[in-house]
Each structure stands twice: as structure tokens, then as C-alpha cells.
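Proteins get letters first, then strands, A, B, ... in listed order; numbering begins at 1 in each.
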2 protein chains.
Amino acid sequence: MQGDLENLKRDFERFLKSRGGKITKGRFEIIDMIANYGTHFEIEDLVRWISSRNKNVASRSTIYRTVRLLQEFGAIREVIKLNNRTIYEFVVGKQHHEHLICVECGKIIEFNKEEIEQLQEKVCEEYDFTPINHRLEIFGICSDCKEKRRENRVG
Amino acid sequence: MQGDLENLKRDFERFLKSRGGKITKGRFEIIDMIANYGTHFEIEDLVRWISSRNKNVASRSTIYRTVRLLQEFGAIREVIKLNNRTIYEFVVGKQHHEHLICVECGKIIEFNKEEIEQLQEKVCEEYDFTPINHRLEIFGICSDCKEKRRENRVG
DNA sequence: ATGTGTGCAAAGAATTTGCACTCCC
DNA sequence: GGGAGTGCAAATTCTTTGCACACAT
């Protein structure tokens, strides 16, 4: 929702200032663009999308640099690594979750399983390992694609 | 162990034949090289290592192509995706497992938690999703690195 | 004013590919 | 013999970087 985005921007401002960074128009316009683009994105797609909408928002370099900043800030996560593609997620206003990725149609399904999170913590304790972040990707075939396959077999 | 490797090669031969491929010396030498290199590797490192040992085994292209084949065959998994690096694992003779990755020293710790596997299956059932493979990466700081940090703080 | 941010084009890194040549079956 | 495999260099794709200029504080 809108309020989350405003909070994010305020916090991001603080984050920038705390590291001696500056508040520029471009950075905040990129945040708006990402918020409008949708949850999951690849940087090159985002670059094309932004420049198709408004040439003056930011250059490719600035977009890459800002995505990196937002990642360090924590507003963006690298959630899926498939072949040589990286799919990012804008996490604002979302609970932590993991992903099912359909290798046929590319659909991304989010899920959260608290027990899995807890078991991970347990594993980390066993190894005296301090977790910073994690990523669970389950690749497979989604319901729709299985349905289509059945149709093709019959028809 | 040695027997596993021989079995793997035999099965890989069948795999190649079944798809109209050919049994070449290079492909099997690459398997030996990977087996000797160690469990986890990045392709470019492997390329450098192979060419430093024996120029005549295979070219960079053949190594890339063979790693891909072995992946399709199932002897190799992409287990860690960190920044723009891909770390592969030679799975021969190993149980399925996931990884803890120390972001400070790069150490990779393998673990298996059967309950996590089961919960994943449950999630897939809930979404009528047929899983093909999955990857769980937990990034953090390992025991040794925490110890070193403590030492530095004191000393 | 001072130092950070930005755009651009060039540089890098990791892969893939086109093509001529070589080798299995 | 014929198609599959290989090596090489060129092409791709994604990302980072050097530098001159612009802007925020």
C-alpha cells in the first residue's frame, strides 16, 4: 500500500544520510518505478521499461547502482537465480517468503512455511553459524502447465 | 569412492547413447578432472586448473559444454549462486543436502535436514506443484570467522 | 565549495555460438 | 561416410567502471 512506500522512502533517506549519501530525485523516481513495475523484476527489463516510459528518470548505470543500494538497504532481495538470470523482488509491505518457480511458464508462486524457517535456525545453531539471509527456490511444473500438458495429450 | 565414479561413467555413456551422443575421450577426461578437483567448483577455475595440468584434455568450450551435459545427466548441480558467480557441485556418491555459505571466508558447509525436505513436499502438494529440483542457500558467518572477529576485538 | 551522483561509452566477466576441421559409430 | 564433437575466436549478455560534468548539502 501507499503508506508502506512512503515509509520506505523516509527510511531510505535516513539510510542514505547515515552513510554520507545524497537524496537525489533519480533515486526516488526509480523506487516509484519499481513499485509500479510489479513485485518481481530483472534489471534489464526494468531498464527497458523505465526508459520506455520516461527517458529522464535515470540511465542504466544509475538503475544498476540504485538497485544495489536498495539491496544493501534491504528493500530489494535477489530471490531467484535461474541460468544466468537474476530475478529481484521488491519486498516492501511483504512478509518473508520463499518461491516455487515453474520452469515451463516462468510463473512464480510465493509461499511461507514457518516450520521451515525454524528448522533452518536449528541447523544454524547446530553449526554455530550466524545466518544473514537465505533463499529457497523450488523449481518444477505448476498446476496450470500440468493441465495444459494433459489437454495436449488428449486433444 | 572409485566405484561410484566408474558407475557414473557407465551411466553417463548410456545417457549419451540414448540421446544420440558420442563417447569421446575428452568428456570422460573432464569427469576425471572434476572428480579430482574437489566437490565444489566454478567453471572458470576448473578451466584454468585443467589447462594448467594438461593442455590436451579439452578447451574452454568443451568444458562448458560437458558441464552442461553432466548437469542434464544429473551428476552436477548448481548449488550456490552468489553475486554473479555460480558454484557447481559434483554429486557423485553424495546424499542430497543443502548449504551454509560463509560470506566472510567463503566456506561451504553441507547439511541435510530431512524435515525440511518433507515440508517442501507438503508445500508443493498444497499448490499442486510438481517439484523437479530445489536449492536452499543460507548465507551468514561461520563459527571460525566469528572466532576471528572476537580475537581481533580483544587483541 | 566539496564531495557525491549521473550519464556515457568502454571495459569486464561469464557464457554461448558459428564455422571449419576432427573423430566416433 | 555422415553426423556429432571440438577448438578457436567472435559474439552475447549482464554488470561494473573511469571520467567529465552536474547537483546536493
Review point. Taking OP1 and OP2 of D/dC23, is either one under 4.0 Å from a side-chain nitrogen or oxygen of A/T24?
Key: no

Exercise for review: May I ask you to decide whether A/K94 forms a salt bridge with A/E110, counting only side-chain N to carboxylate O separations under 4.0 Å?
Suggested key: yes

Exercise for review: Using a strict 4.0 Å threshold on nitrogen-to-oxygen distance, state whether A/E78 and A/R135 make a salt bridge.
Suggested key: yes

Check your understanding: Does D/dC14 have OP1 or OP2 sitting under 4.0 Å from an N or O in the side chain of A/N84?
Key -> no

Check your understanding: Pick the nucleotide of DNA chain D nearest each of A/I43 and B/N56; which residue has the one closer to the 5' end?
Key -> B/N56

Check your understanding: How many Å lie between CG on B/L16 and C1' on C/dC23, as a whole number?
Key -> 15 Å

Practice item. Check whether any side-chain nitrogen or oxygen of A/Y64 sits under 4.0 Å from OP1 or OP2 of D/dT16, and answer yes or no. Key: no

**Study point:** Rounded distance (Å) that lies between atom P of C/dC24 and atom NZ of B/K25
**Key:** 8 Å

Review point. Atom CG of A/N83 to atom C1' of D/dT15: distance rounded to whole Å?
Key: 17 Å

Practice item. Would you mind classifying the nucleic acid contact of A/S61 as base, sugar-phosphate or nothing, using non-hydrogen atoms under 4.0 angstrom? Key: base

Review point. Can you tell me how far P of C/dG5 sits from CD1 of A/I63, to the nearest Å?
Key: 17 Å

**Study point:** Main-chain N/O of B/I63 paired with B/T66 side-chain donor or acceptor, under 3.5 Å
**Key:** no

Check your understanding: Among C/dG7, D/dT15, D/dT25, which nucleotide sits nearest the side chain of A/I23?
Key -> D/dT25

Review point. Within the structure shown, what part of the strands sits under 4.0 Å from A/R68 by heavy-atom distance: base, sugar-phosphate, or nothing?
Key: sugar-phosphate

**Study point:** With B/N56 via side chain to side chain contact (heavy atoms under 4.5 Å, CB included) - residues at least two apart
**Key:** B/N54

Review point. Please give, in whole Å, the distance from C/dG5 C1' to A/I30 CD1?
Key: 11 Å

Check your understanding: Nearest-Å distance, CZ (B/R60) to P (C/dA14)?
Key -> 9 Å

**Study point:** Whole angstrom value for the distance that separates P of D/dA4 from NZ of B/K17
**Key:** 16 Å

Check your understanding: Are B/R149 and B/E104 ion-paired here, with the side-chain N under 4.0 Å from a carboxylate O?
Key -> yes

Exercise for review: Kindly say if A/R27 contacts the phosphate of C/dG5, meaning a side-chain N or O under 4.0 Å from OP1 or OP2.
Suggested key: yes

Exercise for review: Specify the separation, in whole Å, of atom CZ of A/R65 and atom P of D/dT17.
Suggested key: 10 Å

Practice item. Choose from D/dG7, D/dT15, C/dT6 the nucleotide whose nearest atom is closest to any side-chain atom of B/S59. Key: D/dG7

Practice item. Confirm from the modelled atom types if B/K22 and D/dA4 form a donor-acceptor pair under 3.5 Å, side chain to base only. Key: no

